[in-house]
Amino acid sequence: MQALSNMLASVPDGNYILAYSWYTERYSQYPTFTSAFSGLGLNLSGLNDTVPFILFCKKGSLTANRTVFGSTMRDTLRMNT
């Protein structure tokens, strides 16, 4: 998780970041995960353990931030524009 945090910090402002889960995890066990994405302005308060997610943002801008969280472990997610 520290490597993820370091990678996100190295992305220059103005670049887009898209992150999504392809497996589920107990995200609450990794505070670095939450703080890395929260630091980009994404609100992860709706992300529960073991559900899929999609996170999208433009680094350095809050206007393009979008999150999609599943309700169950097997949800199929879509991000509408």
Side-chain angles (χ1 to χ4, degrees):
M1 289 298 136
Q2 188 58 50
L4 172 65
S5 181
N6 293 343
M7 186 275 301
L8 292 173
S10 73
V11 174
D13 283 353
N15 286 279
Y16 292 93
I17 298 170
L18 173 67
Y20 59 91
S21 60
W22 57 277
Y23 70 95
T24 59
E25 183 60 68
R26 297 198 179 282
Y27 311 113
S28 62
Q29 293 179 342
Y30 305 103
T32 306
F33 171 84
T34 304
S35 65
F37 284 103
S38 295
L40 296 172
L42 294 165
N43 181 354
L44 300 186
S45 63
L47 179 60
N48 296 317
D49 284 348
T50 69
V51 298
F53 65 83
I54 303 172
L55 307 173
F56 178 80
C57 69
K58 182 176 182 181
K59 189 165 180 196
S61 172
L62 300 178
T63 60
N65 290 1
R66 303 189 74 172
T67 57
V68 179
F69 304 124
S71 300
T72 70
M73 185 181 283
R74 303 236 187 273
D75 282 348
T76 299
L77 303 180
R78 291 184 175 87
M79 179 172 277
N80 298 325
T81 56

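Quick note: residue numbers are just sequence positions, from 1. Quick caveat: nothing in here was measured; it's all calculated off a predicted structure.
The two residues Ser21 and Pro52 make their nearest non-hydrogen contact at OG-CA, 3.0 Å.
Between Leu44 and the options Phe69, Phe53, Tyr27, a side chain to side chain contact (heavy atoms under 4.5 Å, CB included) holds for only Phe69. The only member of Leu55, Asn65, Thr67 that meets side chain to side chain contact (heavy atoms under 4.5 Å, CB included) when paired with Phe37 is Leu55.
There is a path of hydrophobic side-chain contacts, each under 4.5 Å, that joins Tyr16 to Ile54. Cluster annotation: Ile17 and Tyr20 are assigned to distinct hydrophobic clusters (Ile/Leu/Val/Met/Phe/Trp/Tyr, side-chain heavy-atom contacts under 4.5 Å, transitive). Linking Ile, Leu, Val, Met, Phe, Trp and Tyr residues whenever their side-chain heavy atoms come within less than 4.5 Å leaves Phe56 and Val11 in two separate clusters. Linking Ile, Leu, Val, Met, Phe, Trp and Tyr whenever their side-chain heavy atoms come within less than 4.5 Å leaves Tyr23 and Met1 in two separate clusters.
Within the hydrophobic cluster formed by Ile, Leu, Val, Met, Phe, Trp and Tyr side chains joined at under 4.5 Å, directly or through other members, Met73 stands alone, with no partner residue.
Taking 4.5 Å as the limit, some side-chain heavy atom of Leu40 sits within range of a side-chain heavy atom of Lys59.
Of the inter-residue distances, the one linking Arg74 atom CZ with Thr24 atom OG1 reads 8.0 Å to the nearest 0.5 angstrom.
Judged as a side-chain hydrogen bond (donor to acceptor under 3.5 Å, both in side chains), the pairs with a partner in residues 41-58 (not counting sequence neighbours) are, in order, Ser28-Asp49, Asn43-Ser45. The side-chain hydrogen bond (donor to acceptor under 3.5 Å, both in side chains) analysis of residues 30-42, with sequence neighbours excluded, yields no pairs.
Put simply, the side chain of Arg78 never gets that close to the backbone of Val68: no donor and acceptor are under 3.5 Å apart.
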